[in-house]
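Worth saying up front: this structure is predicted, and the values here are computed from it rather than measured. Below, read A as the first sequence line, B as the second, and so on, with proteins coming before strands; counting in each chain starts at 1. When reading the values below, keep in mind they use all heavy atoms of this one structure, side chains included, and skip hydrogens, waters and symmetry mates.
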2 protein chains.
Amino acid sequence: MDDTPTTTRPPRWLNDHEMRAWLGYRRMRALLDLQLARRLAADQGLSEPDYDVLTSLSDAEDHRIRLSELADRMLWSKSRLSHHVTRMQQRGLVTRQECASDGRGAFIVLTNHGMATLHAAAPDHVAAVREHFIDLLTEDQLRILGDLTDTVLAHLREQPA
Amino acid sequence: MDDTPTTTRPPRWLNDHEMRAWLGYRRMRALLDLQLARRLAADQGLSEPDYDVLTSLSDAEDHRIRLSELADRMLWSKSRLSHHVTRMQQRGLVTRQECASDGRGAFIVLTNHGMATLHAAAPDHVAAVREHFIDLLTEDQLRILGDLTDTVLAHLREQPA
């Protein structure tokens with residue numbers, strides 16, 4: 001076992017093979033996000049976080065989730081999500097349901113207008129995800145991508161928060 | 001050829017196989033970004049865009065790039081990058097070199113302090129990229145990730161800006 005302290009070991013720079021995968025991932029991420037965000041915005045005036053919030057609520061029991069729980073899932077701070085939800089509330093997409101009795105904080109609730117907006121946006125969003133990503137890849141590439149993201153996610157979920 | 005207008009065709013929702021790859025990618029992206037951003041911030045107080053700007057400048061001839069060109073590369077608007085550069089300038093990481101003569105706009109130039117900061121940050125950044133991503137994957141997974149990102153990027157680069 002190598003017990004040299006990390007700080008005194010020379011950095012292990014990425015080799016060409018590793019750099020190709022890393023830069024490819026980084027560039028794809030930036031361009032793909034931009035493309036999908038543009039389509040969502042042009043179609044229904046939604047941002048990606050708007051879409052994520054609406055999708056999470058529509059999948060949840062009674063179409064509601066506690067703000068603190070949704071913030072955890074989105075990896076956002078509670079205050080950032082709370083500001084975001086206020087803006088979605090002003091557009092009639094969600095409401096808040098205070099829950100003073102149990103002290104565990106407010107619920108965010110999907111409105112009928114929020115549900116209708118999600119239903120209007122979803123077909124074009126999935127078409128964009130297909131056009132710019134899924135339909136470009138082979139079955140094998142999709143499977144290996146699923147495997148490798150599982151590996152990385154299992155590792156990342158073990159990291160201290 | 002199917003010439004039904006897109007709007008009247010039923011949406012082709014993702015199947016389980018496709019959904020696994022797509023959600024895996026999206027979740028990995030969110031968690032990995034967060035982990036790497038935390039390490040950069042804790043180590044040298046840099047954000048990911050700071051690191052991208054410093055890396056781009058250090059790779060460029062004479063350690064300078066036109067603001068408009070760097071904005072294109074980063075997929076940022078010129079005004080967003082200009083604000084960002086102002087804050088980096090206040091921290092002594094970069095300077096601006098106006099270039100009134102040719103009308104093509106200002107250069108951003110790496111300072112010695114910017115270069116020293118990048119040199120101090122790079123070893124820990126590459127260690128974090130290895131620990132949370134590259135070293136978790138097999139040679140085959142890295143190769144296939146490189147192939148698939150090439151395919152997606154070639155497609156995205158052909159899209160209208």
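The greatest number of non-hydrogen atom pairs below 4.5 Å with chain A, out of Asp124(B), Val126(B), Thr138(B), Thr151(B), is found for Val126(B). The candidate from Met74(B), Glu131(B), His132(B) with the greatest count of non-hydrogen atom pairs under 4.5 Å with chain A is His132(B).
With a 4.5 angstrom heavy-atom cutoff, Leu14(B) touches chain A via backbone and side-chain atoms both. Of the two parts of His155(A), only the side chain, counted from C-beta on, holds a non-hydrogen atom closer than 4.5 Å to a non-hydrogen atom of chain B. Heavy atoms of Leu23(A) lying under 4.5 Å from chain B are absent altogether. Contact of Leu142(B) with chain A is made through backbone and side chain together, with heavy-atom distances under 4.5 Å. For Leu136(B), the parts lying near chain A are the backbone and the side chain together; criterion is any non-hydrogen pair under 4.5 Å. Of the atoms belonging to Ile134(A), it is side-chain heavy atoms, and not backbone ones, that fall under 4.5 Å from chain B. Both the backbone and the side chain of Asp147(B) come within less than 4.5 Å of a heavy atom of chain A. With a 4.5 Å cut-off on non-hydrogen atoms, Gln35(A) touches chain B through its side chain but not through its backbone. Contact annotation for Leu34(A): only side-chain heavy atoms (C-beta onward) come within less than 4.5 Å of a heavy atom of chain B.
Hydrophobic clustering (side-chain heavy atoms under 4.5 Å, transitive across Ile, Leu, Val, Met, Phe, Trp, Tyr) keeps Leu46(B) apart from Val129(B). Under the 4.5 Å side-chain heavy-atom criterion for Ile, Leu, Val, Met, Phe, Trp and Tyr, Phe133(A) and Tyr51(A) are members of distinct hydrophobic clusters. Both Leu118(B) and Met88(B) sit in one connected hydrophobic cluster of ILVMFWY residues. Membership requires side-chain heavy atoms under 4.5 Å apart, directly or through other members. Residue Leu31(A) is not grouped with residue Leu40(A) when hydrophobic side chains (ILVMFWY) are merged at heavy-atom distances under 4.5 angstrom, including chains of intermediate members. Transitive grouping of hydrophobic side chains (ILVMFWY, heavy atoms separated by less than 4.5 Å) brings Leu75(A) and Leu156(A) into a common cluster.
One finds the CD atom of Glu139(A) at 4.0 Å from the NE2 atom of His17(B) (value rounded to the nearest 0.5 Å).
Using a cutoff of 4.0 Å between basic side-chain nitrogens and carboxylate oxygens, Glu48(B) and Arg26(A) are scored as salt-bridged. Comment: Asp150(B) does not engage Arg27(A) in a salt bridge, judged by the lack of any side-chain N to carboxylate O separation of less than 4.0 angstrom.
Contact between Tyr25(A) and Thr149(B) at its shortest, heavy atoms only, is N-CG2, 3.8 Å. The shortest non-hydrogen separation linking Leu32(A) to Trp22(B) is CD2-CZ3, 4.2 Å. Across all non-hydrogen atoms, the minimal contact from Trp13(B) to Pro123(A) is CH2-N, 3.9 Å.
Within a 6.0 Å sphere centred on NE2 of His83(A), heavy atoms belonging to other residues, nucleotides or ligands number 12 at most. In the displayed structure, Asn112(A) atom CG is contacted under 6.0 Å by at most 12 heavy atoms of other residues, nucleotides or ligands. With a 6.0 Å radius and a threshold of 12 heavy atoms from other residues, nucleotides or ligands, Asp16(B) has its CG atom at or below the threshold. For Asn15(B), the CG atom is densely surrounded, since the number of other residues' heavy atoms within 6.0 Å is greater than 12.
Side-chain contact check for Leu137(A) versus Val152(B): some heavy-atom pair is nearer than 4.5 Å. Counting only heavy atoms from C-beta outward, the side chains of Gln159(B) and Arg38(A) never approach each other to under 4.5 Å.
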Next on the checklist: For a side-chain contact (heavy atoms from CB on, under 4.5 Å) check, start with the C-alpha distance between Arg29(B) and Asp33(A), then their side-chain angles and the critical distance, and finish with the verdict.
Outcome noted: CA-CA 10 Å; Arg29(B) 190 199 63 171; Asp33(A) 282 8; 2.5 Å; yes

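In this structure, Arg130(A) contributes its side chain and Arg12(B) its backbone to a donor-acceptor pair below 3.5 Å.
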